[in-house]
Structures are given as C-alpha cells and as structure tokens.
Protein chains: 2
Amino acid sequence: MGQNQLAAVPEPKYWHLRTVLVRTIDQEFSTGQVLPNERELAARFGVARATLRQALDQLELEGRLVRRRGIGTLIAAPRVGVPVSRREEGWPGVSRSQAWREVGCVSAPATPQLAQALGVEAGSLVHTVRRIRLVQGQAMATESLHVPDAALRALPRVVGRSAQTEADPARLVLRQLERLVIEGESRSVELGVAEAEEASLLERPPGTPVLVVTTQYAGAGKIAALSVSTYRADTCKLTFGETGLVEVTPVQEPQPVGAAS
Amino acid sequence: MGQNQLAAVPEPKYWHLRTVLVRTIDQEFSTGQVLPNERELAARFGVARATLRQALDQLELEGRLVRRRGIGTLIAAPRVGVPVSRREEGWPGVSRSQAWREVGCVSAPATPQLAQALGVEAGSLVHTVRRIRLVQGQAMATESLHVPDAALRALPRVVGRSAQTEADPARLVLRQLERLVIEGESRSVELGVAEAEEASLLERPPGTPVLVVTTQYAGAGKIAALSVSTYRADTCKLTFGETGLVEVTPVQEPQPVGAAS
DNA sequence: GAGTGGTCTAGACCACTAA
DNA sequence: TAGTGGTCTAGACCACTCC
C-alpha cells in the first residue's frame, strides 16, 4: 500500500479516504485478505481512528469489506446473486434445493396491522411460519410467512399426515400451502436494519442493513399469504430474472455525463 | 418526550437509544416535525453527542428521520412506492407519466467491463443515456441506459426526424429504442452508495445509500440494452407488482419465534 | 496475554440556514 | 448572528479471538 498523505481537498477526509481505499483494495488486495489494523491505517493516513472508521463504514455498507472483531478487516467476496423472483423461489414444495429451513411457527390472532396487510378481520387466526434461507450453507435471509387460517380452510384436507407433520406446525402449514393455487404475486423491496432476533438468525450484529422483501401471494381474489423476508444487504444481490440471461458483473463507474438538453 | 435515563443493559447504548427513539417518534411525533437538537437530546439521555448521532444514523438509514444541516432533524415521510417492474416503467415511449428526464448522452467505445456486461466486443460503440426519475417532482433515481449501437443499427430507420431530435442525442437514442422489440428482462437489486455525481443528481450528500437496480433488456437473443439505476434508499420502496393488489403497510415487528424442529 | 474491532467520551471547529 | 447538523480529534475502555 502506497499513499502516506491525504491531499488537502474540499471534500471530507473520510470520503477521500474511502476513495483511496477503494483504489487500493481493487488494485492490491483480493478476497479474504486482511487489511492492516485500524490503528495502523489511521496512523498511515494521518487521521484519527474515528475518521478512518467512518471510511471503513462506507466500504462495509457497500459490501467491499467485512470486519470481524478480534480478527481484522477482510476484503469481502463479491455479492451472491439470490433469486427471489418467480413464486417457485419462496413458495413451499417447489424449490428442489433445500434453500429454506423452518425455525418456528406460531398461530395467533392477527394484530390490527397484520390483519390489514392480509385483508382479513383483526383478531382472526393467522399462522406465521418463520424460516431461514440458506445459500451455500450461510444464512442469507429470514422470512416471516403469514397465512390466514381462512386461506387454509378453503383447501382440501391434507391426507395421510405423518407423525412428523403432526408434531411440527410449521411443516404442516407449509404442506397445506403446497395445495394452494397462486394466481399472482406482488412484491416490494426496501432498505431496513435487522433488529435483535433477526440479526442473530443472520449471524450479524443488530443494525445490520438488510433488504426487506415483502411479497403478497394472491389466490381466489384474496391475499393467500404475505411473506416478509430480510436479506443481508452486505452479501446479497437480489435477482428477479424472468428470462435468465447472461450473468452481469455490474458496471462500477458510470459514464461521464455529456451536455444535455 | 419522557425518559431522561438509560437503563444499564448489556446492549450498546446507541442501540438502546435507537429503540427508545423509535418508540418516542412513533408515539409523540408525526411527519415533518423537528426533533430537539442533537446537543440537547444527548444531554437529555446522558450520552455524548457522538453516541446519540450513532443512534440517529441508524434511524436515518431506516428512512425514519431526515437530517438537514442548519435546520434540524425531521421525522421523515413514509417511503414512496416506486414501480420498477414491467418494462413499461423504464422503457422509453411507454410511460404516460413524464417520469424520466434526460440529462445527458454520450456515445463512446465500450470499456471492457461494459462490453462484457452487454455481450459485445470491447471497443464497439455504445450509447449511454443518462436520466433522472422524478416522483412527485423529486429526483428519486438516476439511470444510465447503455445501448449497443449494433442493437440500433438493426432497426428500421427513424423517419421524419425533427430538428429537435437531431440536436438532442439522448432523445434520438430513446426514440429509436421505442421501435426495439423487447423479448424479456432480467433484473437485480443490491445496496450501494451514491458517489459524487450521482449524489448531486439525487440532491444528497456523497455516501447516500441507494438501491442499485440493474436491468438487462433482451431482444433478438442478445442484450438490447442495459440499465443501471440508483434509487434513493431513504425515500424509495421499489415495487415489482405484476398483479396490483392491496396496498401494504409493512408489518413492523415480526412475530415471536416459537419452538422449532 | 496480545491484538483486533466495537463503543464511548468531551471537546473543537466547520458549513449551512434562517432571522 | 445564532443555531443547526457535519466533521474530526485523542484518548479510553470493552469484547472478542487466537496463541
């Protein structure tokens, strides 16, 4: 690593530092390598440790770095493309890969908020299955799948229940959902942060940025299920491929802007 | 606002502070109101200003607060749902709303990176249109629309060019694109930060978190265009509604996790 | 125990906004 | 000019990992 000085520029030091670090990382480091420790980096660039950390915060948000307490700061692997489009990805019974693991299930009266989101009466019974999505053995997302009991009651009875499904409400709900005909889905994505329980499922500290994917599944003119998933924003790139094309490595620097109208 | 003390808890102060502030905001403040200033809040909670700011940073990332230099910290409006699904949203000529405004256009040989993403030879001519997406008069996103010249050359000649389109390369490219038959689109979403130029187009400081939407448009078995859009993560909720259903107010607190298998 | 990142402090100064 | 958020400093201590 070169550069021992920071130029006197009108932009904030931490931002300029980030730029320098991006260049350094891209040119002189590769995935998994550890950067010099924060105190040394700060000294090398002639800034306070807090200022250096401000720059590292940015780079971590961008998914370029991973910081591990007691270990050091590592160059992060490129983000993993995670398919979320097509109902096959999240809907039970269709995914051949064992991508989701159930971690719990509660059946309770709907809170007013949830009832409104599901289009049912407040207080009516709703099953909530909690799952984790594993990609390459890593927890990449958590999901709360809310299913109105009314949507299940309309289904033909599940026959031949095994003792296992009897004892496992999550699996029972999922098994029943397999029979539900989905007519459409509506989805939204926004930025959020993982709170305590979610964060621990993702094996990340609280406050970790996540991409919150909310999916309404429609069936029989109503909302058959509502899925709220939180994907690790640092390591995930959500893909909505309807027609799988060439794999894209994102273009880093946009073209300069020419004269405009 | 109540609470003048922070309980002694094992979690970080800033995180507990965030929790307290979330509750306070939801219960005692409404959109557009200004919070007490940082120095006063810090004193009231008995923490250093830097610690308070750490909590506010989180809330700003979540889109709950907006901080304006010289003004104060305001309660943010709920995020705006921005449709990005269906090619009608971004594709020229189809949107009846004047959602996009061109700000520039360059035609240049493709960089190796861009060439690979487009599936064309490095150095071949690519047109890049730069646009801003306006929602309710606000700049919500920037876009770089990359179009290989080869994809345009395959089209029937645009007839009756007005003097206006002659003088405006961006509009000319967009006009030609209207005639292009799109067979499919493939899309990805990930978290990023706005750098200098992008940030200024979005009227935000550098480092602003954005949702980066990359869309491949397929035509004639090739990539007809590649769109890279950056949406303000603080104010945008991207919607991918294929079948428009009920408007959802997202469920804030996930259900508690029951026993699992 | 040594080394790492994570948290927290108390203070300073700057850039911006509004009266 | 007064008040706001934004940046930066120098230092302290803690929690964690590894040897």
Side-chain angles (χ1 to χ4, degrees), chain A residues 6-19 21 32-61 64-76 193 196 199-200 203-209 234, chain B residues 6-19 21 32-61 64-76 193 196 199-200 203-209 234:
Chain A
L6 246 48
V9 283
E11 68 188 354
K13 276 189 187 177
Y14 80 89
W15 186 253
H16 182 235
L17 200 46
R18 171 196 164 277
T19 308
L21 286 170
Q33 278 192 293
V34 305
L35 254 55
N37 73 60
E38 296 183 350
R39 290 163 180 87
E40 181 182 334
L41 280 178
R44 192 180 302 190
F45 289 108
V47 299
R49 191 176 155 220
T51 303
L52 173 79
R53 280 183 60 82
Q54 222 175 329
L56 294 182
D57 285 345
Q58 288 281 344
L59 296 174
E60 196 175 28
L61 194 67
R64 294 173 177 271
L65 296 180
V66 181
R67 290 191 278 188
R68 295 208 198 136
R69 194 197 293 235
I71 306 286
T73 302
L74 322 180
I75 311 298
V193 303
S200 79
E203 298 162 25
R204 298 256 55 196
T208 298
D234 55 345
Chain B
L6 246 48
V9 282
E11 67 187 356
K13 277 189 187 176
Y14 80 88
W15 185 253
H16 182 234
L17 200 46
R18 171 196 165 277
T19 307
L21 286 170
Q33 278 192 293
V34 305
L35 253 56
N37 73 60
E38 296 184 350
R39 290 163 180 87
E40 182 182 334
L41 279 178
R44 189 179 304 189
F45 289 107
V47 299
R49 191 176 154 219
T51 303
L52 174 79
R53 281 183 59 81
Q54 221 175 331
L56 295 181
D57 285 345
Q58 288 280 345
L59 296 175
E60 196 175 28
L61 194 67
R64 293 172 177 270
L65 297 180
V66 182
R67 290 192 277 188
R68 294 206 200 138
R69 194 199 291 237
I71 306 286
T73 302
L74 322 180
I75 311 297
V193 303
S200 79
E203 299 163 24
R204 297 256 55 196
T208 298
D234 56 345

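If you're wondering where the values come from, they're calculated on a predicted model, not measured in any experiment. The sequence lines fix the lettering, A, B, ..., with proteins before strands; numbering per chain opens at 1. Reckoned from all heavy atoms, side chains included, excluding hydrogens, waters and symmetry mates.
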*Does the side chain of B/Thr51 reach to within under 4.5 Å of the side chain of B/Phe45, using non-hydrogen atoms?*
no
_A side-chain contact here means heavy atoms from C-beta on lying under 4.5 Å apart; do A/Pro36 and A/Arg44 qualify?_
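Result yes, sub-4.5 Å side-chain heavy-atom pair found.
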Taking [atom1] from [X] and [atom2] from [N], how many angstroms apart are they, rounded to a whole number?
{"X": "B/Leu59", "N": "D/dG5", "atom1": "CG", "atom2": "P", "value": "14 Å"}
{"X": "A/Arg53", "N": "C/dT4", "atom1": "CZ", "atom2": "C1'", "value": "11 Å"}
{"X": "A/Glu38", "N": "D/dG11", "atom1": "CD", "atom2": "C1'", "value": "15 Å"}
{"X": "B/Asp57", "N": "C/dT7", "atom1": "CG", "atom2": "C1'", "value": "14 Å"}
{"X": "A/Gln54", "N": "C/dT7", "atom1": "CD", "atom2": "C1'", "value": "15 Å"}
{"X": "A/His16", "N": "D/dT7", "atom1": "NE2", "atom2": "C1'", "value": "16 Å"}
{"X": "B/Glu40", "N": "D/dG5", "atom1": "CD", "atom2": "C1'", "value": "15 Å"}
{"X": "B/Leu56", "N": "D/dT7", "atom1": "CG", "atom2": "C1'", "value": "15 Å"}

Tell me whether the side-chain N/O atoms of [X] come closer than 4.0 Å to OP1 or OP2 in [N].
{"X": "B/Lys13", "N": "C/dT9", "value": "yes"}
{"X": "B/Asn37", "N": "D/dT4", "value": "yes"}
{"X": "A/Arg68", "N": "D/dC16", "value": "no"}
{"X": "A/Thr73", "N": "C/dG5", "value": "yes"}
{"X": "B/Thr51", "N": "C/dT7", "value": "no"}
{"X": "A/Tyr14", "N": "D/dT7", "value": "yes"}

Minimum heavy-atom distance between [X] and [Y], given as atom pair plus value:
{"X": "A/Val66", "Y": "A/Ala76", "value": "CG2-CB, 3.5 Å"}
{"X": "A/Ala55", "Y": "A/Tyr14", "value": "CB-O, 3.4 Å"}
{"X": "B/Leu59", "Y": "B/Leu21", "value": "CD1-CB, 3.7 Å"}

Nearest 0.5 Å, please: how far is [atom2] in [Y] from [atom1] in [X]?
{"X": "A/Leu41", "Y": "A/Arg53", "atom1": "CG", "atom2": "CZ", "result": "12.0 Å"}
{"X": "A/Leu61", "Y": "A/Thr208", "atom1": "CG", "atom2": "OG1", "result": "10.5 Å"}
{"X": "B/Gln58", "Y": "B/Leu65", "atom1": "CD", "atom2": "CG", "result": "11.0 Å"}

*Taking 4.0 angstrom as the limit, do A/Asp57 and A/Arg18 come out as a salt bridge?*
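Salt bridge flag = no for A/Arg18 with A/Asp57.
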_Treating primed atoms plus P, OP1 and OP2 as sugar-phosphate and everything else as base, which nucleotides of nucleotides 13-19 of chain C get B, S or - for protein heavy atoms under 4.0 Å?_
B-BBSS-
*asked:* Could you work out how much the helix from C/dG1-D/dC18 to C/dA18-D/dT1 bends, comparing the axis of its first five pairs with that of its last five, to 10°?
replied: 10°
